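Scroll down for the structure; my scribbles are underneath it.
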Amino acid sequence: MSSASARKSAKETIYTVLRTPEIGTFIGVIAIYAIISAINPRFISPGSILTVIRWFVALSLLTMGQSMVLISGAIDLSVGSMASLSSMIFAYLLVYGGQSPLVAFIAVIATGLLVGLYHGFFVTRFSPPLPTIVPAFIITLGSYILLRGIGIVMTSGIPIKITDREAIAFIASDTGRIIIFVIMLIISLIIQRYTLVGRYMYAVGGNMEAARIAGIPIHKTRVFAFAFSAISASIGGLLFAGLIAGGYADIAIGQELYSIASCAIGGVSLAGGEGTVIGAVLGALLISVIRNGIVSLGVSPYYQDVVTAIILIGAVTVDLIRRTWRR
Amino acid sequence: MSIAVESTKSPEQVPDDVILLAKNIWKRFPGVVALKGVTIDVRKGEILGLVGENGAGKSTFLKILYGVYQPDEGEIILEGKKVVIHDPIHAMNLGIFYVPQEIILPPNMSVAEAMLLGCKFKGVFKRVNYKLIYEEARKALAAVGLEDLDPSKLVKELDTATRQLILVARGLALKSKILIFDEPTSSLGPEESERLLNLMVKQKSEGRTIIFVSHRVEEVLRVADRIVVLRDGRKVAEFDNRDKKVSIDAVIKAMVAREIKEFYPKEPVPIGRTVLEVENLTTTKVSNVSFNVRQGEILGIFGLLGSGIHDVARALAGYEKIISGTIKIDGAKIKITKPIDAIKNGILYIPEDRRGLGLIPLLNVKENISIVSLDLMRILKMGLASIIDKGKERNLARDLIKKLRIVPPDPNKKVMYLSGGNQQKVVVSRAFTRPVKVIIFSEPTTGIDVGAKVEIRRLMVELAKRGNSIILVSSDAHEICGMADRVIVMVKGRVVAELKREEASPEKLLKLAAVSK
């Protein structure tokens with residue numbers, strides 16, 4: 001009997017951990033970091049940690065926005081293209097436009113806002129009678145192609161090199177990146193935990209019809225989520241620009257999938273209505289660790305996508321199991 | 001009247017004349033135990049009547065027989081062999097055919113195609129042999145008295161009664177041994193009901209076994225050979241009705257078996273001025289509906305399936321588009337185009353579909369309570385970016401959890417883990433979070449335990465006492481008669497009658513509601 005009850009309580013513990021995805025993801029990060037470091041001790045050196053963090057903060061910015069959209073019951077496939085385009089706009093204005101970094105920054109944010117409003121407007125107003133997530137899928141898939149396309153058109157696909165190091169001193173420095181990351185994380189956290197629109201996003205994503213009947217402004221809420229996501233992604237684009245000291249129309253292509261995977265790993269349900277930005281960011285950390293760790297392990301970098309795909313599928317499975325166990 | 005649950009027998013001991021035996025069936029849903037160890041035997045070539053009130057477990061039992069649900073415990077023995085019915089197709093192949101309450105047939109298919117859905121054809125890519133299908137269909141249609149119906153006619157051109165017969169014909173075409181009728185007469189007129197009952201007797205005489213579920217006890221008494229009464233998930237009585245002599249009173253007593261008074265905790269409340277006036281309300285589903293509700297009054301809106309009663313509630317809640325009509329609150333005309341308009345004007349809607357429309361299951365109790373009143377709980381007012389006053393929210397939730405006795409008394413529990421009754425209390429508690437004038441309860445007690453039903457009704461009375469006007473929309477005639485001060489009856493989107501409390505009786509309401517046209 002006692003062994004049965006012990007087994008039961010062990011099971012309960014596992015359930016609790018799985019129900020708190022933030023804890024599970026955090027443990028995962030530590031464990032994977034430890035395993036890779038055990039095989040290749042250089043992975044734990046400050047240099048390696050910094051490399052992980054550099055890519056992690058850039059991906060995180062996309063993930064924060066993605067978490068808002070997913071929580072509100074939609075999806076944003078355009079964040080990678082949005083970040084790429086914003087790196088192009090930023091570099092273009094600095095190099096060819098002769099603008100100050102501040103003007104370029106404002107232009108990038110404004111573009112992000114515009115794209116986000118466009119997504120929100122189309123998803124809420126022109127939504128055909130499809131399952132809720134489908135219009136978002138289609139509209140942002142369109143933007144995935146469109147925004148990257150605009151970036152390519154700007155310089156016929158040629159990357160823009162920023163030679164004026166002064167101008168990008170902040171976004172190219174580790175301190176600058178981390179400050180931007182922390183500020184955005186705090187803003188996201190406040191929105192999700194304390195504001196009206198944060199609560200509305202959970203309600204809309206959790207049960208749109210019940211939210212409608214409760215008098216929640218559904219359209220505004222969804223537009224907000226998309227706008228936040230696009231702005232957050234465009235700031236992420238600045239971090240990518242800082243990483244390569246320039247603009248490139250393909251710099252963050254593919255990152256949208258990592259951002260979705262990060263959310264799924266960190267407990268932001270792809271079905272909407274639950275999860276936190278903390279979990280999502282931890283998910284991004286896990287992915288960054290694995291992607292960089294593979295290189296450290298001497299595996300050919302060509303395997304990165306294969307491994308990431310496995311992570312993504314694994315994360316979706318975990319999301320599914322989490323929801324099944326709840327019943 | 002009640003009998004003890006039969007002791008469990010091994011399959012070998014099942015008598016030959018028992019075609020189907022469901023033994024000690026348990027079924028639990030989040031929030032309600034639908035079946036508590038039900039044992040029912042069905043004998044070859046009989047009509048077994050299964051009766052019980054709403055939520056007694058009839059439909060759940062049938063769905064288990066039909067493979068829609070799996071029992072948590074218990075076994076099903078079909079023709080002496082233990083079977084596990086995986087899904088409806090499996091049930092069909094085993095010879096069990098279910099005619100559901102709401103007939104859903106693909107509207108753009110022809111009668112013949114719809115009828116033979118699920119029949120076995122060899123090969124996926126084989127050409128459909130229409131000649132054969134039509135022939136088969138004609139034969140089966142003739143068996144249900146529809147010899148004149150053209151099998152190539154589209155389903156959407158037919159009325160409900162005919163659709164139902166088509167489904168029965170499908171059961172015959174599939175050579176089913178057991179036909180299950182789930183409330184088959186609830187959406188039929190008296191004449192059509194009569195025809196269906198006769199069909200049942202005819203099928204019985206041809207050796208088929210029939211399970212007939214209805215809350216219209218008279219009908220069951222007329223055709224059933226044996227009657228089993230379910231109450232609160234238990235089999236409470238069994239009557240031998242081969243000579244059709246069982247009295248309706250005995251059956252109803254077994255069905256209800258509790259003092260009506262305590263079931264419906266109605267209290268007299270002084271009725272004041274008129275609060276809500278609805279004139280000529282028209283939507284796509286209802287036309288020219290007019291009524292008014294006064295302070296402290298409970299107005300019942302009664303109607304059967306398809307009568308549009310729920311659409312009236314939805315229109316007032318801003319959830320369904322109002323085409324024309326005027327709505328006045330305290331004499332002032334208001335415009336309702338979206339739910340927030342209704343809420344701002346003091347109309348709170350408690351939807352009939354608790355899980356689908358009422359609650360956000362992933363949010364916790366506290367958040368589900370406050371959701372309609374977050375505009376009153378802000379620290380910083382900055383539109384959407386306003387900061388929620390979490391302290392106020394928590395205190396309000398705590399008070400209401402205590403007041404409404406929500407179990408478990410934890411404001412941070414996700415509402416999906418609560419029982420149905422407690423979930424409903426969470427929805428109702430919203431009426432206490434902001435000043436409201438009119439509260440619309442749409443089917444407030446479906447799918448919850450008996451105890452919770454009484455508690456919800458008590459809350460209804462309390463809200464009336466506080467000076468609110470209550471609209472009780474229900475297709476449960478007993479509930480309406482038990483709670484309402486005044487009743488309006490709707491048929492096919494129109495109001496057909498208005499009765500005072502003294503004039504209303506369940507029989508009268510049902511008669512009014514069942515008349516077609």
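Predicted model, so just to flag it, every value in this text is computed and none were measured.
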Select one option (side chain, backbone, both, neither) describing which atoms of B/I371 are under 4.5 Å from chain A's heavy atoms.
both

Can you tell me if B/Y319 has over 12 outside heavy atoms packed within less than 6.0 Å of its OH?
yes

Polar side chain donor-acceptor pair, B/T283 to B/D311, under 3.5 angstrom
no

Would you find a donor on one side and an acceptor on the other, under 3.5 Å apart, between the side chain of A/S232 and the backbone of A/L61?
yes

Against chain A, label B/R378 side chain, backbone, both or neither, depending on which of its atoms sit under 4.5 Å from a heavy atom there.
side chain

Counting heavy-atom pairs closer than 4.5 Å to chain A, which one of B/D389, B/V372, B/I388 comes out on top?
B/I388

Could you check whether atom NZ of B/K390 has more than 12 heavy atoms from other residues, nucleotides or ligands sitting under 6.0 Å from it?
yes

Pick whichever of B/L359, B/D341, B/N368, B/D375 has the most heavy-atom pairs under 4.5 Å with chain A.
B/L359

Exercise: do A/S67 and A/Q192 side chains pair donor with acceptor under 3.5 Å
yes

From the list A/A214, A/P217, A/G205, the residue making the most non-hydrogen contacts under 4.5 Å with chain B is A/A214

So which of B/D353, B/L357, B/I340 has the largest heavy-atom pair count under 4.5 angstrom toward chain A?
B/L357

Keeping the roles fixed (side chain from A/Q66, backbone from A/S229), state whether a donor-acceptor pair exists under 3.5 Å.
no

What part of B/E320 lies closer than 4.5 angstrom to a heavy atom of chain A: side chain, backbone, both or neither?
neither

Ignoring hydrogens and geometry beyond distance, is a side-chain donor-acceptor pair present between B/T433 and B/S373 at under 3.5 Å?
yes

pair B/P444-B/M460: side-chain heavy atoms closer than 4.5 Å
yes

Under 4.5 Å, counting heavy-atom pairs only, tell me which of B/E393, B/R430, B/M382, B/R314 racks up the most with chain A.
B/E393

Contact leader toward chain B among A/L196, A/V204, A/I191, A/V197, where contacts are heavy-atom pairs under 4.5 Å:
A/L196

Contacting moiety of B/L363, where chain A heavy atoms sit under 4.5 Å:
side chain

Specify which of A/I190, A/T221, A/N207 makes the most heavy-atom pairs with chain B at under 4.5 Å.
A/N207

